[in-house]
Protein chains: 4
Amino acid sequence: MTSADLPAPTQPPVKRARRADAERNRAAIIEAAGTVFAEQGGTVDVREIARRSGVGMGTLYRHFPTKDDLLATVLEREFTSWLTAAHQAAEATEDPWEALTGFFEQTLAHQAGNRALVESYTATGGPPRVCAEYRDAFIDELRTRCLNAGLLRAGVTTADLVLLSASLSQVVQATGDSHPGQWRRLLRISLDGLRARNTEPLPEPEPEPEPTLHGEGDGGGDASAGD
Amino acid sequence: MTSADLPAPTQPPVKRARRADAERNRAAIIEAAGTVFAEQGGTVDVREIARRSGVGMGTLYRHFPTKDDLLATVLEREFTSWLTAAHQAAEATEDPWEALTGFFEQTLAHQAGNRALVESYTATGGPPRVCAEYRDAFIDELRTRCLNAGLLRAGVTTADLVLLSASLSQVVQATGDSHPGQWRRLLRISLDGLRARNTEPLPEPEPEPEPTLHGEGDGGGDASAGD
Amino acid sequence: MTSADLPAPTQPPVKRARRADAERNRAAIIEAAGTVFAEQGGTVDVREIARRSGVGMGTLYRHFPTKDDLLATVLEREFTSWLTAAHQAAEATEDPWEALTGFFEQTLAHQAGNRALVESYTATGGPPRVCAEYRDAFIDELRTRCLNAGLLRAGVTTADLVLLSASLSQVVQATGDSHPGQWRRLLRISLDGLRARNTEPLPEPEPEPEPTLHGEGDGGGDASAGD
Amino acid sequence: MTSADLPAPTQPPVKRARRADAERNRAAIIEAAGTVFAEQGGTVDVREIARRSGVGMGTLYRHFPTKDDLLATVLEREFTSWLTAAHQAAEATEDPWEALTGFFEQTLAHQAGNRALVESYTATGGPPRVCAEYRDAFIDELRTRCLNAGLLRAGVTTADLVLLSASLSQVVQATGDSHPGQWRRLLRISLDGLRARNTEPLPEPEPEPEPTLHGEGDGGGDASAGD
DNA sequence: CATGAATGAGGGTTCATTCAT
DNA sequence: AATGAATGAACCCTCATTCAT
């Protein structure tokens with residue numbers, strides 16, 4: 001993933017001299033911000049992040065013109081890395097249902113204890129569009145595999161699955177300290193509700209009010225839990 | 001302007017009047033706070049509440065020494081009123097499963113759009129102990145009825161149901177504006193996962209880590225979603 | 001100027017209790033701000049003003065929601081008090097030309113050393129509309145008196161006089177420390193150029209570009225130096 | 001990317017190249033700064049200047065140890081070039097009064113729209129000494145020509161003329177957008193006040209207070225508007 | 001020497017809480 | 001007891017200047 005993987009024998013390693021340092025700072029900021037946002041949520045003092053990154057305020061603001069930009073960046077990275085890992089895990093799993101289960105397990109384990117991440121589900125904006133698209137595509141894949149294998153309840157949409165994961169994430173968050181592991185029970189229950197043996201039709205989703213902002217809504221594969 | 005202007009010849013003169021006045025103020029504050037917290041969440045400016053209650057800051061702080069105290073009081077009241085209504089509805093319903101379903105429906109309908117209430121699930125603290133106990137007792141009743149009727153999955157605990165309701169509440173909140181009604185699908189899925197036909201055993205809850213703060217947890221009927 | 005001047009025997013002196021204090025603070029803020037703005041211009045730290053007023057930041061911002069509001073208020077007050085004094089002096093002066101001269105003298109003496117005031121001529125916005133109108137009306141009066149007495153050069157507009165005063169104010173400012181009194185010479189020169197014995201016609205003012213904001217422009221009595 | 005890539009066999013090798021490069025940078029900085037300062041005044045972000053010059057911050061600060069130094073340099077250059085042009089124009093004009101008039105016209109036309117230049121009249125410091133001397137000498141020349149031709153009012157000093165030009169410059173600035181051309185009227189008025197037909201003596205300049213900083217001021221040929 | 005990233009002291013503004021009236 | 005003005009510690013962000021590369 002880093003350019004270290006690519007041999008660059010004939011190129012002058014110039015011009016990236018300062019960039020290296022800056023990149024390290026940027027990384028440090030993102031990492032510190034990730035930690036701090038996860039621990040304390042999106043309302044932390046920016047100074048705290050600067051302090052923990054070991055950089056000055058100016059550096060922080062050079063890299064991220066706004067606190068919200070920083071938060072968005074951090075969330076996007078966490079989203080992406082989570083999705084990547086989840087995707088790989090799912091592809092490595094033969095059994096479709098096991099893949100679905102594993103996805104949820106991984107998701108919840110990953111998001112437990114990340115306050116900012118969970119906050120992002122409630123906050124306006126939600127995950128960045130790109131992530132959401134990627135996520136939806138991936139989840140849709142899982143869904144299709146399970147459907148084709150006759151394992152998934154008829155009528156379950158991608159949006160349902162997305163919402164379910166978001167919903168359970170918040171449970172993980174809420175129970176994280178006092179009842180760790182409790183969420184596995186809920187997950188099992190929900191997944192059992194998704195099994196094909198549940199033949200009752202699901203209630204039709206009401207038509208969306210005004211598609212003012214979110215230009216989705218094809219009725220079948222809709223998603224986007226977080227906005 | 002004060003009720004002191006009104007002579008109250010036959011009654012113990014001043015004290016009562018004050019009391020009444022104070023009580024009215026307290027009620028006004030709680031009502032306004034309820035509205036405002038529901039609309040804008042727990043981060044609103046206290047002034048907004050004072051303004052809408054028609055009382056001064058001093059009065060507000062006389063009744064509630066802290067913003068958090070006010071919030072806790074408001075939440076407790078909303079919790080209680082919700083539980084009372086839910087309880088009555090449940091008692092009026094013959095069919096146990098219908099009672100359970102109705103409870104969830106009512107809960108989610110009630111909590112949709114109450115930002116502070118939903119926030120309270122994530123925030124440390126959660127609902128006050130008294131409420132939690134009441135709630136747990138009530139839900140346990142629902143659970144037992146369904147169990148006895150052979151409708152509820154074996155091994156489902158009160159805590160599971162509590163968590164489920166909290167979890168779905170957050171979904172309602174998050175999807176409220178963009179996908180209203182979407183939550184009914186999730187609810188159906190979850191409830192189907194709770195049906196007795198699901199015979200797989202649920203994962204055992206791990207033993208609690210350190211009962212540092214919340215001294216509950218009898219192992220079987222434990223609950224308390226919000227801490 | 002204070003309500004102490006008005007006897008209020010039959011009214012309850014209630015309800016202004018806190019107001020008195022607040023009013024004193026407000027006055028203190030305005031006075032301190034006046035001083036500080038005059039000394040250092042409009043860029044001073046708000047904290048400095050708070051310090052010199054003896055109030056906290058919150059108090060300052062309670063009275064003036066924005067630094068600019070404070071500045072505007074201060075400027076308006078200074079404008080008004082200056083105009084009032086100038087008006088009275090002019091009315092007390094028989095000779096029209098002497099009235100005009102006195103007005104300029106008073107203006108310049110008053111504005112010498114007030115950085116913020118002079119800055120306001122250059123800054124966008126200028127004096128508040130009301131002040132400008134009052135000022136223009138007053139200057140127009142002076143102008144008419146001189147014209148009727150056959151003392152003022154034909155074709156001189158109110159706007160000319162307004163501009164002249166603004167212009168000389170800046171000279172006073174610029175020369176204040178090093179060449180005090182120097183401005184009197186310029187003033188004399190300018191006034192002599194305004195005398196009726198100068199019979200050459202003045203260049204026509206070009207038509208205004210776009211009357212986007214300032215709804216003036218009757219061609220004859222136009223004014224508004226500061227925008 | 002540097003000129004070091006170009007071999008310069010027949011010349012003293014490196015040093016000159018550096019010098020040339022540095023000189024080009026310096027010129028670029030000054031030019032960009034001139035534009036930016038003129039457009040936005042002396043408070044612009046130094047980065048803007050660096051960006052427009054195409055040099056890094058370090059280079060900029062190597063050439064000008066302080067933002068103020070850069071500003072001073074820019075102003076000095078603009079002053080000088082303006083004076084040079086004005087001087088030439090004046091020398092090419094036969095009629096002394098026309099020369100004087102032309103000087104003012106040119107000055108005002110030149111300084112209209114140069115925010116920093118006009119700001120410099122109000123700011124402490126003013127134009128650098130050298131410029132002031134040159135300017136004073138030149139204006140004194142104009143003055144003498146007019147005096148000798150019997151066109152200029154008796155007692156008018158160089159300082160008066162300097163101040164007048166500064167004063168009118170600010171008017172131009174202030175009215176530039178809303179009332180363009182308005183300043184010509186004021187200029188005419190002032191010049192008419194300078195004509196020899198005005199025989200009233202001008203008020204004596206008060207003796208200077210303390211020649212703390214600016215050791216000029218012989219009473220007759222004094223000048224220096226900007227401090 | 002050039003570069004541009006880093007620094008950090010402010011600057012304007014908000015808001016939970018206190019306190020004089 | 002009620003009022004609402006006062007408080008001041010934070011908060012987010014900017015920008016002149018320095019410094020490692």
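Quick note on labels: first sequence line is chain A, next is B, and so on, each numbered from 1.
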Checklist outcome for this item: Per atom distances to the Ala22(C) side chain, the nearest of dT7(E), dG12(E), dA6(F) is dA6(F)

Next on the checklist: Heavy-atom nearest nucleotide on DNA chain E for Gly42(C) versus Gly58(C): which residue maps closer to 5'?
Outcome noted: Gly42(C)

Checklist entry - Starting at CZ of Arg47(D) and ending at C1' of dC13(F), how long is that distance when rounded to a whole Å? => result 13 Å

Checklist entry - So, is Arg62(D) near the phosphate of dA2(E), with a side-chain N or O under 4.0 Å from OP1 or OP2? => result yes

Next on the checklist: Working to the nearest 0.5 angstrom, can you tell me the gap between Arg115(C) CZ and Ser120(C) OG?
Outcome noted: 13.5 Å

Checklist entry - Is Ile30(B) close to Phe64(B) at the side-chain level, that is, under 4.5 Å between some pair of heavy atoms? => result yes

Checklist entry - Are there more than 12 heavy atoms of other residues, nucleotides or ligands under 6.0 Å from atom CZ of Arg26(B)? => result yes

Next on the checklist: Using the side-chain heavy atoms of Asp21(A), tell me which of these nucleotides is nearest: dT21(F), dT17(F), dA16(E).
Outcome noted: dT21(F)

Next on the checklist: Expressed as a whole number of angstroms, how long is the span from Arg51(C):CZ to dA6(F):C1'?
Outcome noted: 17 Å

Checklist entry - Start at the 5' end of DNA chain F and walk down; is the nucleotide closest to Asn25(C) or to Thr59(A) reached first? => result Asn25(C)

Checklist outcome for this item: Rounded to whole Å, the CE-C1' distance (Met57(B) to dA1(F)) equals 17 Å

Next on the checklist: Measuring from the side chain of Val46(A) (C-beta onward, heavy atoms only), which nucleotide among dT13(E), dT17(E), dC12(F) has the closest atom?
Outcome noted: dC12(F)

Checklist outcome for this item: Rounded to whole Å, the CG-P distance (Asp69(B) to dA16(E)) equals 14 Å

Item to check | Ile29(D) CD1 - dA2(E) P separation (whole Å) | outcome: 8 Å

Next on the checklist: In this structure, how many angstroms lie between the P atom of dA2(E) and the CZ atom of Arg24(D), rounded?
Outcome noted: 11 Å

Checklist outcome for this item: dist Leu75(D):CG -> Asn114(D):CG (nearest 0.5 Å) comes out at 7.5 Å

Checklist entry - Quick one: Glu48(D) CD to dG4(E) P, roughly how many Å, whole number? => result 15 Å

Checklist entry - Roughly how far apart are Phe37(C) CZ and Lys67(C) NZ, rounded to 0.5 Å? => result 6.0 Å

Item to check | Euclidean distance, atom OH of residue Tyr61(C) to atom P of dA9(F) [Å, nearest integer] | outcome: 16 Å

Checklist outcome for this item: Nearest-nucleotide check on DNA chain F, Gly56(C) vs His63(B); residue mapping nearer the 5' end is His63(B)

Checklist entry - Mapping Pro65(B) and Leu60(A) onto DNA chain E by nearest heavy atom, which one lands closer to the 5' end? => result Leu60(A)

